[in-house]
Amino acid sequence: MSLRGMPDFGVPLQAAEFPAFELPGEVVGVPNGISIARDAEGYPRLRLERFRGVSPDRPPAPYGLLSVWLVAEAPTPSLATPTAPRARRAVPDRGVLRVQVDQLDAPAGLEIPPSPMAWDGSLTALWGTRLGTLSTTRLQECLADRFLPLHASADFEVRGVAPRLPVEARVNWPELAAGLAGVATGAGLVGRATLVSWLRTEVLAAAASPIQLLSGAAREDELAEVLTDWLRARFGSPAAQPTDNPGPDVFALSLDPSLAGSLLWDLATPTLTWRPLSISQDLLPQLRDLGPELSRYVPAGVDLPTIDLGWAHLDVLANLPGQQVGVLASGVNLLAPPHPPQRPQAVTATCEFTPDQPRGQVTLHLSPGEPITYRSQAWLVIEDPSGIREVTGPDRERDGQRLVLTPSDFGVGFVPVCVDDALLELADVEVTLRVADAPVGRASLTRGTRDAVFVTPSDPGGTLEVRLRSTLDGVERTLAPLPLESLWLGRASIPGWGPHTVEIDGTALDTPLTALEMRPELAADSDATPVALTAAQPRRSWRYFTDDPLHPGYWYRLRPLDGPGPWVGPLSPDQALVLAATP
């Protein structure tokens, strides 16, 4: 896997910003906030549904379904500066969401169990849970009062490049694995902070350490951090977060001492690793404008017919990004294999999704008392230049009444494209996915539609082509092919934005003094800057800043004593301005 463009953890710029590896002048912002997504009309994407049986003394028992579409926000304003002319966003690999509704009459509040967050690559995730009668009533009362004290926190991992140190180390793996077994839990789980502390105080400080430095030197705290990154990358794997652990730093270690006897690690080698991050957000300020139309958030309750035991109602949520290019339909097929002797036949069901509501409910008619186990296979119907075809994901075993589908369940890749509002004020953006130089999908992004997601095979080997058309004068520009990965575009992402320096060469002039006026391409004549060239100083540098990357050029004109000459331009800032003598 290429490390190009990933956050470089070795050189943090701010709490949520890192340089992009091997891309000088670019920075990567990692999520540092959570917000509730809005629909096309600007309303929060939050919904509380109520279900109850016709007969109160027979199944099913009343329950509610709370769902909310959350967005992980990455910093953008501080990225767009002359010192960081290009910016991109990092996407969490995995995460856990915790939601709590603080009740005025209950100090502990209503705490909903942690839920796995399957980020879809566009920093959005649909989340939902089933609630009991009391919790549903409390939430309904909060919405009726237009006061929903909702608090969310997310713990997740972000992949990036580990810090590099000029150190070579020899690792006695069997001895180190034995020590790690004493630090990890019985399930092989260990927290990052615990591992860093153990390496610093118990391993690196020991006289007979399983990690011997062959060359170079570094501070023990830095060395412990980098060694933890290497252990996470080579012997660690994602693990479910324990309910009693408030942080995201727990991962699983493979502690098989027979894997290797001795390892030689050059810590100056760029290495892919994962770093834990946590964000917490009070969502109440975002929900104060719910408005009086409570039916938008609490629709009329659904009466379920009285049913016999054995009917299993499943809640299905799919973390599919919206505005999918070329997707005609999506859904999931469920199959409960025969369960003899009570149920000799298989049971099947299908749940279809819509782009604005990738969730639903299905019912499986099982035998009374039978555990809820089944198999699921997600599918997509895609239209591309080769025609209309169906793509199915892997067949997976499931259990329980809540089915959460991630992008990996659909057997394709999702490449999200997001355009910042500031750029859409200047230009309409068209993004084309090309595979083997043939267009596979195309998305037109304007101020009304700023997001799109391309669906790709697992290994398409394609590129993204970005074409911009100025809303000011229709000027068009096509960027060089971009790698097929999550793409965020802002003004600062387009070459031409930011500071420019023009070298002015007047050595060919045969005059003691030459006066010029220079101005950026979209600046007024009154904003022109005077520049003087003399026989003693025939070369000068002129600097200016361009906020519109589609018009990065400049104009100049001579200013003799008898009045200014005509403007010449616009000229490219990438070429020096060489003035010739007037014939």
Side-chain angles (χ1 to χ4, degrees), residues 11 13-14 17 19-20 23-27 76-87 420 422-427 466-480 489-583:
V11 195
L13 299 178
Q14 296 185 27
E17 300 175 15
L23 292 177
E26 294 197 16
V27 293
T76 54
S78 60
L79 298 179
T81 62
T83 58
R86 292 172 62 85
D420 188 77
L423 177 59
L424 292 175
E425 292 177 358
L426 303 178
V466 178
R467 187 177 183 181
L468 303 100
R469 185 178 187 274
S470 173
T471 56
L472 177 65
D473 53 12
V475 170
E476 295 187 354
R477 181 178 178 187
T478 301
L479 305 184
L489 292 173
R491 294 189 184 187
S493 305
I494 310 302
W497 181 93
H500 300 282
T501 301
V502 178
E503 301 296 335
I504 307 172
D505 185 355
T507 55
L509 300 176
D510 189 19
T511 57
L513 175 65
T514 301
L516 303 172
E517 284 186 327
M518 315 278 293
R519 65 175 176 86
E521 184 173 344
L522 298 182
D525 291 357
S526 57
D527 296 327
T529 301
V531 178
L533 302 177
T534 64
Q537 190 177 10
R539 292 187 175 91
R540 295 287 298 272
S541 296
W542 175 64
R543 297 177 176 86
Y544 68 101
F545 184 87
T546 301
D547 196 38
D548 186 342
L550 293 178
H551 301 86
Y554 68 94
W555 299 78
Y556 83 94
R557 66 180 178 183
L558 298 176
R559 186 84 186 197
L561 296 178
D562 56 351
W567 286 104
V568 180
L571 304 178
S572 171
D574 299 329
Q575 297 181 351
L577 174 58
V578 180
L579 300 175
T582 303

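This chain uses plain numbering: 1 for the first residue, then up along the sequence.
Listed for the Thr471 side chain is a donor-acceptor partner under 3.5 Å among the backbone atoms of Leu426. Looking at Thr478, its side chain never comes within 3.5 Å of a backbone N or O of Leu468 through a donor-acceptor pair. Judged by distance alone, with hydrogens and angles left aside, the side-chain atoms of Asp505 form a donor-acceptor pair with the main-chain N or O of Thr507 at under 3.5 Å.
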Candidate pair Leu516 and Leu579, rule side chain to side chain contact (heavy atoms under 4.5 Å, CB included), full reasoning: CA-CA 11 Å; Leu516 303 172; Leu579 300 175; 3.7 Å; yes
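Legend: residues meeting side chain to side chain contact (heavy atoms under 4.5 Å, CB included) with Thr546, ordered by chain and number and at least two apart, are His500, Tyr544, Pro552. Judged as a salt bridge (charged side-chain N to carboxylate O under 4.0 Å, His left out), and not counting sequence neighbours, Arg477 has no contacts. The side chain to side chain contact (heavy atoms under 4.5 Å, CB included) check on Leu522 picks up Leu472, Asp548, His551, with sequence neighbours excluded. Qualifying side chain to side chain contact (heavy atoms under 4.5 Å, CB included) partners for Pro560, counting only residues two or more places apart in sequence or in other chains: Leu558, Asp562. Residues that satisfy the side chain to side chain donor-acceptor pair (under 3.5 Å) test with Asp525, not counting sequence neighbours, are Arg519, Trp567.
Note that the OG1 atom of Thr511 and the CG atom of Leu533 stand 8.0 Å from one another [nearest 0.5 Å]. Here the CG-CZ distance, from Leu423 to Arg491, works out to 7.5 Å after rounding to the nearest 0.5 Å. Rounding to the nearest 0.5 Å gives a distance of 12.5 Å between CH2 of Trp542 and OH of Tyr556. Rounding to the nearest 0.5 Å gives a distance of 10.0 Å between CG of Leu550 and CD of Glu476. Distance CH2/Trp497 to CG/Asp547: 6.5 Å, rounded to 0.5 Å.
Using a 4.5 Å heavy-atom cutoff, the side chains of Arg469 and Val475 are not in contact.
For Ser572 against Tyr554, the heavy-atom pair with the smallest separation is O-CE2, 3.5 Å. Annotation for Pro495 and Leu479: closest pair CD-CD2, 4.2 Å, computed over non-hydrogen atoms. For the pair Gly553 and Pro573, the tightest heavy-atom approach, listed with the atom from each and the gap, is CA-CD, 4.1 Å.
Sorted by first then second residue, the side chain to side chain donor-acceptor pair (under 3.5 Å) pairs that include residues 532-541, not counting sequence neighbours, are Glu503-Ser541.
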